[in-house]
Amino acid sequence: MAIYFDNAATTKPSAAAVAAFTEALSLYGNPSSPHALGAEARRRLESARATLASLVGCKTEEFYFTASGTESDNSAIYGLWELRKRYGKRVILTDSEHPAVKEPCRRLEAQGAEVVYLPTRGGVIDTEFLKEAIKTPTALVCVMLANNETGAVYDIKAVRDIINAANSRALLHCDAVQGFMKAEGYKQALRQADSAAFSAHKLHGLRGVGGLMLKSNLHPPAFVVGGGQEKGMRSGTENLAAAVAFAAAATEYGKGAIEKVKEIRAYTEEKLRALDNIGFNVPPKHLEGILNISLRGIKSETALNCLSAQGIYISASSACSSKQAENTVLAAYGLEKADRECALRIGISPLNTKEEADALVAALEGARQRYGRI
Ligand code: PLP
């Protein structure tokens, strides 16, 4: 039996999501078709949208379905830039954003954007830096709700207050892929954002469906154009079954998942604290589901492979940055090279058990004793 502690990379689809998906497959009409089968598909799609919008805390018409968190980030960034580039060429983003945010921002440089990285040392936004940076006319500020490697929860309200205090016209995009339904007070935080990105597969939905929240007063040019679906914001025939499963998974997650994750996190952390020579890369405000440690004495990859051979799955860094030579997020966090080289990310879900946590901790210590060299 697999022991899966890589839930920040992706999660196992929940029974509720699979049931909703399977059931919705029978609604094969195109939601844009005017006949009865199309109308029924449309009704189900709008019901999923209303459910997700209410969980996000936005108006139903402000929630758009996309194909991934990455697409949502890209759409928001390119779109908001177009709306504000006349007012300022600066784009401010944290130095620990996911590549889904970093890469589109870097592309904007070709259009004259001046990209500025906001420090997040220790998992906390440098507000003094932001107060200075925002004095230069700025088009866009991107701050993620929760970091995918350290679990740091950033203060979106503080960012909004700084933008407002500077009388800046900058728009605020928030990557909420990791934080949605998980970060404490996430609804209040998201209310401060002009746009936000979501992804179903991080909370036991399916891959290939995401969400974009866009404030109703904003009308940026669409990123994906074509048949005009999603009110023209995202063309392409909607993935109804996956959208319905997204709503089912998020609803299910809202029914006590956080409490279960918190319990397993506390148990795992307590067991790990009994080990020698271990660092805890835990920001002051963090997601319960992400526990980043430095298991000193064994390289991350070696530990990861050793555990993998035993059917225990964790991650050395985020799945998306595992091809990068250097872990820039942990460097931004302020972790020394030696501790970065032995960093491991444990991603906890409500499906994990204390027995699994025991097996994980024993396997980690076993790997270090067997293969530890550094
Ligand atoms: N943003 C963050 C913070 C993430 O962790 C991820 C996925 O790892 C993404 C964006 C991309 O989401 P998706 O895999 O749905 O494209």
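Atoms within a ligand are numbered from 1 in the order they appear, just like the ligands themselves. Quick note: numbers below take in every heavy atom, side chains included, and nothing from hydrogens, waters or symmetry partners. Each residue takes its place number in the sequence, starting with 1.
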| message | When you compare the side chain of Asp194 with that of Arg160, does any pair of heavy atoms fall below 4.5 Å? | response | yes
| What do you reckon, are the aromatic ring centroids of Phe5 and Tyr313 less than 6.0 Å apart? | no
| task | Under 4.0 Å from a heavy atom of Asp175: give me the atoms of ligand 1 that qualify, with their elements. | result | 1 (N), 2 (C), 3 (C), 10 (C)
| query | What part of Thr70, side chain from CB on, backbone N/CA/C/O, both or neither, has a heavy atom under 4.0 Å from ligand 1? | reply | both
| Where does the angle between the aromatic ring planes of Phe65 and Phe246 fall among parallel (under 30°), tilted (30 to 60°) and perpendicular (over 60°)? | perpendicular
| Counting each atom of ligand 1 from 1 as listed, which ones have a heavy atom of His201 under 4.0 Å away? | 13 (P), 14 (O), 15 (O)
| message | When you measure from the heavy atoms of Arg207 to every atom of ligand 1, does any distance fall below 4.0 Å? | response | no
| query | Any cation-pi pair here, Arg49 with Phe63, using under 6.0 Å and within 45°? | reply | no
| request: State whether the side chain of Thr138 and the backbone N or O of Leu140 hold a donor-acceptor pair below 3.5 Å, judged by distance alone. | output: no
| field | Geometric cation-pi criterion Lys182 and Tyr253, 6.0 Å radius, 45° cone | value | yes
| query | For ligand 1, which atoms sit closer than 4.0 Å to a heavy atom of Ser68? | reply | 15 (O), 16 (O)
| query | So, Lys271 side chain and Ala362 main chain: donor-acceptor pair closer than 3.5 Å or not? | reply | no
| remark: Note: Met144, heavy atoms under 4.0 Å from ligand 1, region reported as side chain
| said: Checking contacts here: is it the side chain or the backbone of Asp73 that comes within 4.0 Å of ligand 1, counting heavy atoms only? Could be both or neither. | reply: side chain
| task | Using a strict 4.0 Å cut-off to heavy atoms of Ser199, name the atoms of ligand 1 that fall inside it. | result | 13 (P), 15 (O)
| field | Contact (N/O only, under 3.5 Å) between Gly69 and ligand 1 | value | yes
| message | Below 4.0 Å from ligand 1: does a non-hydrogen atom of Glu97 turn up there or not? | response | no
